[in-house]
**Student:** 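Take a look at the following structure, please.
Residue numbers start from 1 in every chain, and the chains themselves are labelled A, B, ... in the order their sequence lines are given, proteins ahead of strands.
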Number of protein chains: 2
Amino acid sequence: MPPNKPPTIYDVARHAGVSITTVSRMINTPDKVNGDTRVRILAAIDALGFVPKAEARARAMRGTGRIGVISPFFTAPSFVQRLRGIAEALSAKKFELVIYTVDSAERLKSLLSSVPLTGNLDGLIILSLPVDDADARRLVDHGLPTVLVEFPHPNLSSVEIDDVMGGRMAAQYLLKKGHRRIAFLGDTDLPEYSLHPVSQRLVGFRQGLQEAGIELPDAFVRLAPYSQEQTRKVAAELLSMPQPPTAIFVATDFQALGVLKAARQLKIQVPEQLAVVGFDDLDLAEYADLTTIHQHLDESGRLAVEILLSQIESPSRPTRHVKLPLTLIERQTA
Amino acid sequence: MPPNKPPTIYDVARHAGVSITTVSRMINTPDKVNGDTRVRILAAIDALGFVPKAEARARAMRGTGRIGVISPFFTAPSFVQRLRGIAEALSAKKFELVIYTVDSAERLKSLLSSVPLTGNLDGLIILSLPVDDADARRLVDHGLPTVLVEFPHPNLSSVEIDDVMGGRMAAQYLLKKGHRRIAFLGDTDLPEYSLHPVSQRLVGFRQGLQEAGIELPDAFVRLAPYSQEQTRKVAAELLSMPQPPTAIFVATDFQALGVLKAARQLKIQVPEQLAVVGFDDLDLAEYADLTTIHQHLDESGRLAVEILLSQIESPSRPTRHVKLPLTLIERQTA
DNA sequence: AAAAAAAATGAAAGCACTTTCATTATAATT
DNA sequence: AATTATAATGAAAGTGCTTTCATTTTTTTT
C-alpha cells in the first residue's frame, strides 16, 4: 500500500483473514458476524486506521465550512483588496477559503454551472462578475447561499456602490477646481453583457458635467485595455491634442497611474497643467499621491462574508442589497 | 424512472442525448465540454433536479481535487504575485485552490498540525513561511505532498532564490555606478526562527561591498516595519544625516516605494542625489521606474504547482530544490 | 483539397463499498 | 448417527459515479 493511500475494506479483509463481505457486515450488521471474527476484524480496522472513504470524506468536510470565491484573475489590485477583506473576515472563523479564478466569460459560465453541483461549498461570493438569470436560479435551486460584490442581481444578496454617483462626484470636484476642458479615460475590457461599473462612472461623470452646462466631447472620452502601458499610450494621445484637457477622470486608480506616467513622460506638471482623479483608492494611490474616489474595497469583502454567514445560518432570510458609501480623497494630483 | 427515485447521471445523459462520461465532465471539468453540449446538459440537470450522490462521487474520485496554499496574509504584493502564478497553473487543472492565510506564528503552527490530518487535500504549497523539522516530518508521515516557496527545508521540495547573491548583485551595481556612501534598508517583521530572505540579502549586500573594500556602517543599516509610512519615516531619518548615503538598497520593492516617497518629500533628486535599488520587481516597480533585483514571483508559483503535481502523481519521486535566477532590472531610480 | 492537430465525445474499466444469492459450518432435532 | 435447521461466511453482481484510453469530429495547417 502506497504510504499516502488510506487503507480500504480490501486491506482490512486481507489483514483479518476474512472477505470484504464479512468486514462490511461487521461494520453494518455486526450481530450477523461471529464474536471471534468480529474481534479479529476490529483489531484489523484499528491497526490499519481504516475509515470507510465516504465517511472519511464526509467527516473531513464536517469539521470546517467552506466558502468559495469566484474572482477575476489577480491582475487587478482592486480584486486583491476585496479578497483581502474576505480572507480577513474568514480567518477568525471555521471556514476555508476556496478560490476560483476567472479569465474568460467561458470560464465564468463553466464555474457557475459546476460549482453548485459538486456540493463542496457552504457559501459562495462572486466578485465583480456578471451573473445572469439562469445562473442565479441554479444557485438558489441548489441552495448555495451566494453574495455578489459589485455586479448585482435581484435574486441574490449583494454589496455594491453607486458608480453613477461616483462619476458625478469626480465631475463636481473638477468643476469646483475650475476645470472646463475635462476628459474621461476608462477600460475597454468590459463583459459582453451586463452594465459595467466603469460605464456607470462615465454616465455619472457626464451627468455631473452636463449639470454645469459642460459637454464631454467624444474626443475626450478614451478607452484603453486594462494595463498601464496601454493606458499610458492612450493618455499620451489624449494629452498631445492641440487643445488637450486640463483634467482627466480615470475610471480606475490602476489606469490613473498610467495617465500619471504619460504626464511625466510628456513633462506635463500634475496638478498644475493636468489634474488627475482616479477611482478606488487602491493601496498604491497613496504612494502616487492620487486624488481619488474612495470605495471601501476591503470592507466590501468583509461585509460580503458577514452577509453570507448570516444566510448560511438562516437560509430563509431575505436577500440583502447593501450599498457602501463613496468619499473623495483629496491628495496631490487634483 | 420510479417517481420517488432521485435521478442519476444515467437519466441526465439520456435526457441530454450524451454519454454519462460527458455529463461527468460537464460537472467536473466543464471547459472540456463543447458550449452547446454544456447548455443541453445543464438544461437536463435543471429539468430533472439532478444532484450527484455524494457517496458515489466519493467512491469514484481518485483524490480530493484540492490543493492547499498556506500563505502570509495578503498584505505583501509579492505573495499576491506568487499566488497569481499558482492560480494560473492550477486553473487549467482539475484542482480547487484552498487558501489558508497566516497572520501569526501561532496560526501557522495550528495549520501545520491540523492540515495534514484532515485528509482533504491532495497537495500543499507553503509560501514564504518557515517549516521546522517536526512540521516537515508530520507532512511526510501523513503523505501530504508539499512544496515550499522561499523558505526551504531539506526534507521537502522547494522553489527558492539565492538571496545572498541578490544582495551581492545590488552592491556590485551600486559600486559600478560609482557610489561609495551606500545604505541598506530592510524590514523588521521577521519570524522568530528561520533565516529570513531579507537577512540573507543584507549578508550578500555586505559581502559585495566588502569585496570592494567598502564598509557598511551600522548607522547605514536601518530596519522598518513593513509599511510604506513607517519605511518613509526611517528613510527620512537616514536621508537627514549630516553625511547621508548617496545610494540605498531596499530589501523589498514595497519598502523601496516608501524610500522614494521620503526622497520626494525631502526634495532629494532620484537618481542624481540618491540612487534607489529595490528587490522583487513587483508589478508596481515599473510604475515607479524602480531599478530592482528581479525575481520570478509569478513563475515561482507556477513552478511550485508543477513540482507538486508531479509529486502527487508519483509520490516516490525524490524531493526537488529549484533555485530561480535573479536579474537586475535597470530603470530610472539608480 | 488533403493532412495533421486539437477538441469533443464515448466505451469500458475502476472505485470502495453494499447486497443478493450461494456455500459451508455448526447446532438442534429426530 | 442421520437429517434438518440455523448461523456464518464468501462470490459475484450491483451502485452511481470518475477516469483512462480510444474513437470521432472539428479545426487548423500545409
**Student:** Can you tell me how far P of dG16(D) sits from CG of Leu117(A), to the nearest Å?
**Tutor:**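 Between P of dG16(D) and CG of Leu117(A): 17 Å.
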**Student:** Quick one: Lys32(B) NZ to dT24(D) C1', roughly how many Å, whole number?
**Tutor:**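 That distance rounds to 18 Å.
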**Student:** Would you say Asp122(B)'s side chain and Gly63(B)'s backbone share a donor-acceptor pair under 3.5 angstrom?
**Tutor:**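 No: the side chain of Asp122(B) does not pair with the backbone of Gly63(B).
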**Student:** For the pair made of CG in Asp36(A) and P in dA7(D), what is the distance, rounded to whole Å?
**Tutor:**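 Answer to the nearest Å: 17 Å.
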**Student:** Identify each donor-acceptor pair in which a side-chain atom of residues 313-320 of chain A lies under 3.5 Å from a protein atom, sequence neighbours left out, and give them as a table.
**Tutor:**
none

**Student:** Starting from P on dG14(D), measure out to CD on Glu55(B) and report it in whole angstrom.
**Tutor:**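 About 18 Å, once rounded to whole Å.
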**Student:** Find every protein N or O atom lying less than 3.5 Å from an N or O atom of nucleotides 11-15 of chain C, and list the pairs.
**Tutor:**
unit_1	atom_1	unit_2	atom_2	d
dA11(C)	N7	Thr21(B)	OG1	3.3
dA11(C)	N6	Thr21(B)	OG1	2.9

**Student:** So which nucleotide from dA8(D), dC17(D), dA16(C) ends up closest to the side chain of Thr8(A)?
**Tutor:**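 Nearest to the side chain of Thr8(A) among the choices is dA16(C).
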**Student:** Applying a 4.0 Å non-hydrogen cut-off, can you work out what Val33(B) is touching in the nucleic acid: base, sugar-phosphate, or nothing?
**Tutor:**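 Counting heavy atoms under 4.0 Å across all strands, the contact made by Val33(B) is with sugar-phosphate only.
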**Student:** Using side chain to side chain donor-acceptor pair (under 3.5 Å) as the criterion, list what pairs up with Arg137(A), not counting sequence neighbours.
**Tutor:**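 With neighbours one apart ignored, the set is empty.
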**Student:** Between dA8(D) atom C1' and Ile41(A) atom CD1, what is the distance in whole Å?
**Tutor:**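 Ile41(A) atom CD1 is separated from dA8(D) atom C1' by 11 Å.
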**Student:** Report the residues that fulfil salt bridge (charged side-chain N to carboxylate O under 4.0 Å, His left out) with Arg232(A), sequence neighbours left out, ordered by chain and then residue number.
**Tutor:**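 Counting only residues at least two positions away or on another chain, Arg232(A) forms a salt bridge (charged side-chain N to carboxylate O under 4.0 Å, His left out) with Glu229(A).
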**Student:** Looking only at side-chain atoms of Ile9(A), point me to the closest of dT18(D), dC17(C), dA8(C).
**Tutor:**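 The answer is dC17(C), which lies nearest to the side chain.
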**Student:** Which residues pass the side chain to side chain donor-acceptor pair (under 3.5 Å) test with Glu160(B), not counting sequence neighbours?
**Tutor:**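 Here the qualifying residues are Ser158(B).
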**Student:** In whole angstroms, how far is the P atom of dT24(C) from the CG atom of Asn34(A)?
**Tutor:**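 In whole Å, dT24(C) P lies 19 Å from Asn34(A) CG.
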**Student:** Going by side-chain contact (heavy atoms from CB on, under 4.5 Å), name the residues that satisfy it together with Arg302(B), two or more places apart in sequence or in a different chain.
**Tutor:**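 With sequence neighbours excluded, Arg302(B) shows a side-chain contact (heavy atoms from CB on, under 4.5 Å) to Glu88(B), Ala89(B), Asp298(B), Glu299(B), given in chain and number order.
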**Student:** Rounded to the nearest Å, what distance is computed from the CG atom of residue Asp31(B) to the P atom of nucleotide dA8(C)?
**Tutor:**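 So the CG-P distance, Asp31(B) to dA8(C), works out to 9 Å.
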**Student:** How many Å lie between CZ on Arg14(A) and P on dA16(C), as a whole number?
**Tutor:**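 One finds 12 Å between P of dA16(C) and CZ of Arg14(A), rounded.
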